[in-house]
Amino acid sequence: MSHPAWVMVSFLTELLSSYGGHGYNSNCANDTEIINALLKDSYNKHYLPSHPVHVRVDMWVQEVTSVSELTQDFEIDLYINEFWDDPALAFDYMNPCKTNISFDDKVLQKLWIPNTCFINSKNAAIHESPFRNVFLMVFSNGTLWTNYRMKLTGPCNMNLKRFPFDSQKCYLTFESYNYNTGEVRMEWNRPYPVMMLKDIELPDFELVNFSVVAVEQMYPAGWWDELTVSFVFRRRYGWYILQGYIPTMVTIVISWISFYLGSRAIPARTMLGVNSLLAMTFQFGNIIRNLPRVSYVKAIDVWMLSGMLFIFLSLLELALVGFMCRNEGLPPRVKKKKRTDDEDEDFSWKGVTQTSPHLELRQFWTDKRISSLRKDGDNNVNYDIPPEALALEPQISSFHTTSHRRKENMFRRVWNLMKRIKKIKAETVDFYSAIFFPLAYCLFNLCYWGYYLSDLSKVDLDADVTASIQEADAAAAAAAALLEASGSGVEPH
Ligand SMILES: *[C@@H]1O[C@H](CO)[C@@H](O)[C@H](O)[C@H]1NC(C)=O
Ligand SMILES: *[C@@H]1O[C@H](CO)[C@@H](O)[C@H](O)[C@H]1NC(C)=O
Ligand SMILES: *[C@@H]1O[C@H](CO)[C@@H](O)[C@H](O)[C@H]1NC(C)=O
Ligand SMILES: *[C@@H]1O[C@H](CO)[C@@H](O)[C@H](O)[C@H]1NC(C)=O
């Protein structure tokens, strides 16, 4: 009869005892007690927990949203983690039920923090939705762990010499803004200072590598620990191959059609050549438009300008063919007559060149004598040519003749060359062009792709990086000099 009631009672006692096992019976301090103890008034957030405080940093990369050539920067979403020990916050001695307690931003504001920031970011913000994305965990042994979720815009060293086969390096530098190496030592949290939460792939870039480095940097107020992470983004050049390289290649091949049209089709060939040149300019402009106006030669410039050169040369070939066929339609009699005309012209030219200096000089003196005779009407005065003039005359004339001869020789040589060219058939020129143009273009392609897709062109970039490091060293030396000069009183940092 009392059986069910007894069962009920024993169940209730068990329930109570199990509840007590968690909360009361095992004597451990619950969270409320610990939090009250931690945030008591005796904690001063301006005291450094130790000298120096060792802050270990690591980051988790969530997403990279853009890498921009025009503004030379990149946008990244990341979590940044910091760990340090604050003995004042240890609660081991209280015999806690839990070895760690999590808090939010409001508690963090009451504690000492190393005041770290990204010193080279163009823009940085902690995500605020729906509240400030800050996480704080206090371990029972006094270790603190903070985590911020941030959006950052950082600088990139854009070198477009290999564009579009380039890789770009982007940097973020993290340091304590307030505390120098005497107060806070920053270090990367080995062995995984940077973690990717997923593969980072943008439409035009992919993240291929990253590296971290910790350096001590000189400032007028002392030495600071700087943690720098660099991300290497490789451009995905598929788009440029499809939208730039293949169309221009096709345009150039089209310009060779002209060699097969024959020497009669000059208008059609001209149109083909000029259209190819225009198409090329258009394609070039299309790609160049979205790039900064750098003044060095990019890989795409080499490609496009060489393409234009090939089309220009095919137009020159057309001009040559046109020149050779100019008289082809005329009957041969006319041609012969023209040749005799040329010879007559040559002869008269020669005669003039040989006689003219003498003639001119003599004419001059004769004219002068006649005019003076007319003026004076006096026979006593001797109006002979002065002896200096006579002495000068042969020299001048000989000089004139040789220079004219030289000119004439040049003229003759060019004329002969042109005549010889005229003797070659236009078809022959077209035939050899149809062989040599594709051959030359293939050779160019071999060199181009060999150079830009191999490591050969990377040597240049490495040199640039060393140069920039040397610049940084020079800047540090200048800062050191400034520090010595100004003493240690100023703290502009
Ligand atoms: C924690 O302990 C305090 C006193 O020891 C008590 O007043 C409070 O109710 C406890 N809180 C919880 C959630 O158990
Ligand atoms: C925090 O404590 C809980 C138990 O209370 C444990 O499960 C968890 O792993 C701890 N977190 C860390 C980071 O140690
Ligand atoms: C404190 O505990 C955490 C988590 O268990 C650990 O990572 C950390 O190294 C400890 N700190 C010290 C100073 O022992
Ligand atoms: C990534 O960077 C490290 C160190 O800079 C280097 O040793 C490694 O070869 C790089 N990996 C790739 C795939 O480039």
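One-based numbering, in listed order, for ligands and for the atoms of each. In what follows, every heavy atom counts, from backbone to side chain, and hydrogens, waters and symmetry copies are set aside.
- Electrostatic pairing of Lys161 and Asp166 does not count as a salt bridge here, judged by no charged N lying under 4.0 Å from a carboxylate O.
- Looking only at protein heavy atoms, the nearest one to atom 5 (O) of ligand 2 is Lys98 CG, 3.4 Å.
- Atoms of ligand 3 found under 4.0 Å from any heavy atom of Asn141, numbered from 1 in the order shown, are 1 (C), 2 (O), 3 (C), 8 (C), 10 (C), 11 (N), 12 (C), 14 (O).
- Residue Phe139 has at least one heavy-atom neighbour below 4.0 Å for each of these atoms of ligand 3: 4 (C).
- With hydrogens left out, the protein atom closest to atom 6 (C) of ligand 2 is Asn100 ND2, 4.1 Å, a heavy atom.
- Regarding atom 13 (C) of ligand 3, its nearest protein heavy-atom neighbour is Asp85 OD2, 3.7 Å.
- A salt bridge links Glu317 to Arg269: at least one charged side-chain nitrogen sits closer than 4.0 Å to a carboxylate oxygen.
- In summary, Glu206 and Arg235 do not engage in a salt bridge, as defined by a charged side-chain N under 4.0 Å from a carboxylate O.
- Atom 11 (N) of ligand 3 is flagged as protein-proximal [any protein heavy atom, distance under 4.0 Å].
- Using a 4.0 Å cut-off between a side-chain N of Lys or Arg and a carboxylate O of Asp or Glu, Lys151 and Glu63 do not qualify as a salt bridge.
- Counting heavy-atom neighbours within 6.0 Å of Tyr296 OH, excluding the residue itself, gives a total above 12.
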